[in-house]
Novice: 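I am attaching a structure below and will ask some questions about it afterwards.
Just so it is clear, the model here is predicted, and its values are computed rather than measured. Residue numbers start from 1 in every chain, and the chains themselves are labelled A, B, ... in the order their sequence lines are given, proteins ahead of strands. As a basis for the values below, the full set of heavy atoms in this structure was taken, side chains included, without hydrogen atoms, waters or symmetry mates.
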Number of protein chains: 2
Amino acid sequence: MPPLERNKRDVAQRILDHATKLFARHGFVGASLRDIAKAVGIRKPSLLYHFPSKDDLRRGVLEQMLAHWNHAVPRILRAATAGPEQFDAIATEALTFFREDPDRARLLLRELLDRPEEVAPLVAMRVQPWSKIVCDYIRKGQEQGRVRADVDPEAYVAQVINLVLCGFATHISISRVLAQAPEEHDPSERLLREMLRVAKSSLFETGPAPAPARARPAIAGGA
Amino acid sequence: MPPLERNKRDVAQRILDHATKLFARHGFVGASLRDIAKAVGIRKPSLLYHFPSKDDLRRGVLEQMLAHWNHAVPRILRAATAGPEQFDAIATEALTFFREDPDRARLLLRELLDRPEEVAPLVAMRVQPWSKIVCDYIRKGQEQGRVRADVDPEAYVAQVINLVLCGFATHISISRVLAQAPEEHDPSERLLREMLRVAKSSLFETGPAPAPARARPAIAGGA
DNA sequence: CCTACCGATCGGTAGG
DNA sequence: CCTACCGATCGGTAGG
């Protein structure tokens with residue numbers, strides 16, 4: 001690639017990054033092209049050379065985030081072979097995506113609020129493949145009796161998405177609601193642990209709770 | 001109250017209602033005073049007579065919503081004496097608040113995203129009293145062995161708030177993600193049921209499963 | 001990548 | 001409650 005082309009791509013990348021942050025923080029209408037350009041260190045018309053309109057920039061930001069998600073999915077699914085331990089692995093992996101940058105959750109939530117008709121199918125398309133896999137595992141787990149019979153797989157996945165998305169997007173605010181005791185240092189740790197616990201215990205037949213030692217002979221479980 | 005005063009209040013009320021809807025749909029910056037005034041059927045300067053600035057209008061909208069919430073709380077807490085059946089009652093009651101008008105969830109979520117520092121303490125103040133009560137019931141339930149020992153009461157309440165708030169705010173979008181089978185009529189029913197199930201089964205020691213009848217003598221509990 | 005400029009729309013005011 | 005008007009800022013263009 002010629003150095004000029006490379007340079008152009010770098011600038012576009014920096015624009016996308018700063019736009020992501022400002023859209024997430026102030027919303028699409030709340031973040032002006034001037035502000036974004038200033039954050040990048042260029043003038044507004046220069047920004048409009050890379051992205052012909054504000055809406056083009058918005059789509060670019062959304063696409064980049066979904067592309068990042070696509071990149072994280074294989075790593076997530078590699079850990080998905082069901083069972084309580086694997087659940088922790090897949091969950092931790094999925095949480096990492098938003099933990100890396102909470103602006104992702106905020107941006108996605110804003111887009112879902114601002115343009116449901118446009119964004120929902122876009123998200124659905126990206127979610128469907130791994131949602132399908134997770135649902136299949138849930139159903140298999142139900143047949144084996146590991147997973148609660150009353151779980152509605154698709155609806156369960158939707159709830160977990162809600163939990164994670166909203167949890168990260170508002171975790172600052174919700175932390176404060178929680179932090180009535182000001183001596184607490186990082187309430188988000190507590191919130192994250194409980195988020196995981198809720199998702200997990202509502203899925204599996206029996207939680208990891210210390211079973212009341214009913215003196216049951218150990219069973220050599222099949223794979 | 002003189003008829004002129006009464007008329008003024010009615011107009012202010014209609015302004016608040018339309019502002020709530022438009023703020024919820026397009027966000028605070030995305031909804032202009034002109035649009036709101038037009039929806040009410042008056043001109044912009046007339047609107048500014050009732051609410052001196054756009055920010056005054058925003059605070060008015062937020063206050064009205066929190067006031068509505070305060071009005072609903074006693075009804076909710078009346079159903080709160082813990083136990084699996086009461087859980088359904090209190091949950092249904094709480095859901096009614098957002099079901100009456102999903103714009104409430106959208107508005108609150110937007111405010112939490114736009115102005116976390118300002119809104120979080122405001123919400124915390126309104127949530128604290130009943131959150132405290134619910135947490136006490138959870139702890140009592142834990143002592144009695146009805147509620148899972150590994151539940152973190154405050155964090156659990158935060159997760160349920162997330163679940164409900166985000167669930168209603170984005171239920172249109174999330175429904176579409178779910179509705180891969182187009183023959184489904186109302187996916188929101190499925191989502192709501194699963195939302196309730198997740199909240200419930202992650203709280204109680206054993207789900208609504210037939211308890212193994214341990215023939216425990218009834219205890220006349222003191223206050 | 002810039003300066004200079006465009007019409008449109010924003011929240012808000014004057015004055016009645 | 002209105003008409004008329006304000007400066008500021010918006011997204012976007014011309015032209016280099």
Novice: Provide, to the nearest angstrom, the distance between the OH atom belonging to B/Y49 and the P atom belonging to C/dG16.
Specialist: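 Going from OH in B/Y49 over to P in C/dG16 covers 18 Å.
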Novice: Indicate yes or no: does A/R193 engage B/E154 in a salt bridge with an N to O separation below 4.0 Å.
Specialist: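 Not counted as a salt bridge, because no side-chain N and carboxylate O are separated by less than 4.0 Å.
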Novice: Using a 6.0 Å distance limit plus a 45 degree cone around the ring axis, check whether A/R43 lies over the aromatic ring of A/Y49.
Specialist: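 Verdict for A/Y49: no cation-pi partner in A/R43.
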Novice: Taking only Lys NZ, Arg NE, NH1 and NH2, and the carboxylate oxygens of Asp or Glu, determine whether B/K21 and B/D101 approach each other closer than 4.0 Å.
Specialist: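 No.
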Novice: Which whole-number value in Å describes the distance from A/R43 CZ to D/dT13 P?
Specialist: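 Taking atom P of D/dT13 as the reference, CZ of A/R43 is at 20 Å.
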Novice: Taking atom CG of A/L113 and atom NE2 of B/H26, what is their separation to the nearest 0.5 Å?
Specialist: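 The NE2 atom of B/H26 is 12.5 Å from CG of A/L113, to the nearest 0.5 Å.
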Novice: Just to be sure I understand: a Watson-Crick pair is purine N1 to pyrimidine N3 plus N6-O4 or O6-N4, both under 3.5 Å. Using that and G-U wobbles, which stems of three or more pairs involve DNA chain C?
Specialist: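 DNA chain C stems, ordered by first number: C:1-16 with D:1-16.
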Novice: Rounded at 0.5 Å granularity, tell me how far CG in A/L109 sits from CZ in B/R110.
Specialist: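 Reported value, rounded in 0.5 Å steps: 9.0 Å.
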Novice: Are any of the side-chain nitrogens in A/K38 or A/D35 under 4.0 Å away from the carboxylate oxygens of its partner?
Specialist: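 Here A/K38 does not pair with A/D35 in a salt bridge, since their nearest N and O are not under 4.0 Å apart.
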Novice: Show each protein N/O and nucleotides 9-12 of chain D N/O combination with a separation under 3.5 Å, one pair to a line.
Specialist:
from: D/dC10; atom 1: OP1; to: A/S32; atom 2: OG; distance (Å): 3.3
from: D/dG11; atom 1: OP1; to: A/K54; atom 2: NZ; distance (Å): 2.6
from: D/dG11; atom 1: OP2; to: A/L33; atom 2: N; distance (Å): 3.0
from: D/dG11; atom 1: N7; to: A/R34; atom 2: NH1; distance (Å): 3.3
from: D/dG11; atom 1: N7; to: A/K44; atom 2: NZ; distance (Å): 3.1
from: D/dG11; atom 1: O6; to: A/R34; atom 2: NH2; distance (Å): 3.4
from: D/dG12; atom 1: OP2; to: A/K54; atom 2: N; distance (Å): 2.6
from: D/dG12; atom 1: N7; to: A/K44; atom 2: NZ; distance (Å): 2.7
from: D/dG12; atom 1: O6; to: A/K44; atom 2: NZ; distance (Å): 2.4

Novice: Assess A/R104 against A/F98: is NZ or CZ under 6.0 Å from the centre of the six-membered ring, and within 45 degrees of the ring's axis?
Specialist: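 Not satisfied by the 6.0 Å and 45° rule.
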Novice: Do the side chains of A/D55 and A/R59 get close enough for a salt bridge, i.e. N-O under 4.0 angstrom?
Specialist: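 Yes, charged N to carboxylate O under 4.0 Å.
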